Amino acid sequence: MGAIGEKPPFRTGDAILHKPSGETWVCAWAAPVTGYLSWLGWPPNGEALIADCELVRAATDEEHRKWLGELKRSARSDAGRALRLSGDPNISSESEINK
């Protein structure tokens with residue numbers, strides 16, 4: 001597990017490989033303090049160990065903001081968590097993700 005304030009290894013919209021399953025997912029959020037991340041898709045709100053995943057392709061800033069906007073509009077219970085963990089200094093409020 002990471003330290004408080006540690007930058008997440010993945011951000012919303014990154015393509016990540018979940019090594020145990022061999023599946024490639026789109027990251028919803030990653031929390032170094034807990035050592036867990038979540039993916040976009042089915043089943044929603046699932047979690048996996050960050051240590052079990054590796055980056056396949058980093059999201060562009062535009063893709064990152066698009067996915068944050070999709071999360072905000074979704075019914076996911078962890079949408080706020082994704083926004084808080086985004087680590088994007090250009091997003092100062094939730095209204096910024098709709099650009």
Side-chain angles (χ1 to χ4, degrees):
M1 290 192 292
I4 293 175
E6 181 179 340
K7 182 180 176 190
F10 311 115
R11 66 183 192 157
T12 304
D14 286 350
I16 53 175
L17 172 66
H18 180 246
K19 294 180 277 189
S21 69
E23 296 176 339
T24 299
W25 301 333
V26 176
C27 182
W29 53 262
V33 171
T34 65
Y36 284 88
L37 59 73
S38 186
W39 58 86
L40 298 168
W42 189 260
N45 303 320
E47 295 185 5
L49 288 169
I50 289 172
D52 286 345
C53 299
E54 65 184 45
L55 183 66
V56 173
R57 188 181 71 76
T60 65
D61 290 343
E62 183 178 331
E63 290 169 330
H64 173 67
R65 287 188 183 93
K66 173 191 161 281
W67 282 114
L68 283 173
E70 292 293 322
L71 273 169
K72 181 183 175 196
R73 288 184 288 278
S74 76
R76 283 182 64 127
S77 62
D78 60 355
R81 186 177 201 180
L83 184 60
R84 286 189 304 277
L85 290 166
S86 73
D88 189 334
N90 297 317
I91 298 176
S92 58
S93 69
E94 289 191 21
S95 64
E96 293 288 322
I97 64 175
N98 292 322
K99 289 184 174 181

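All residue numbers in this chain count up from 1 along the given sequence. Owing to the predicted nature of the structure, the values given are computational and were not obtained by experimental measurement.
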> Between Thr24 and Ala15, what is the shortest heavy-atom contact and its length?
CG2-CB, 4.3 Å

> Is there a donor-acceptor contact under 3.5 Å linking the side chains of Ser38 and Arg81?
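Judged by distance alone, the side chains do not pair up.
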
> Which one of Leu85, Leu40, Leu68 satisfies the side chain to side chain contact (heavy atoms under 4.5 Å, CB included) criterion with Trp29?
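Exactly one candidate clears the test, Leu85.
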
> Identify whether Leu71 and Leu83 are in the same connected component of the hydrophobic contact network (ILVMFWY, side-chain heavy atoms under 4.5 Å).
no

> Measuring from Glu70:CD to Lys66:NZ, what's the distance to the nearest 0.5 Å?
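Answer for the CD-NZ pair, Glu70 versus Lys66, is 5.5 Å.
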
> Measuring from Asp14:CG to Cys27:SG, what's the distance to the nearest 0.5 Å?
6.0 Å

> Where does the angle between the aromatic ring planes of Trp25 and Trp39 fall among parallel (under 30°), tilted (30 to 60°) and perpendicular (over 60°)?
tilted

> Side-chain atoms of residues 43-57: list all donor-acceptor pairs with protein atoms under 3.5 Å, sequence neighbours left out, distances to 0.1 Å.
{"residue": "Arg57", "atom": "NH1", "partner": "Glu63", "partner atom": "OE1", "Å": "3.2"}
{"residue": "Arg57", "atom": "NH2", "partner": "Glu63", "partner atom": "OE1", "Å": "3.4"}
{"residue": "Arg57", "atom": "NH2", "partner": "Glu63", "partner atom": "OE2", "Å": "3.2"}

> Measure across Arg11 and Asp61 and return the closest heavy-atom pair with its distance rounded to 0.1 Å.
NH2-OD1, 2.7 Å

> I need the minimum non-hydrogen distance between Pro32 and Pro9, along with the two atoms involved.
CG-CD, 4.1 Å

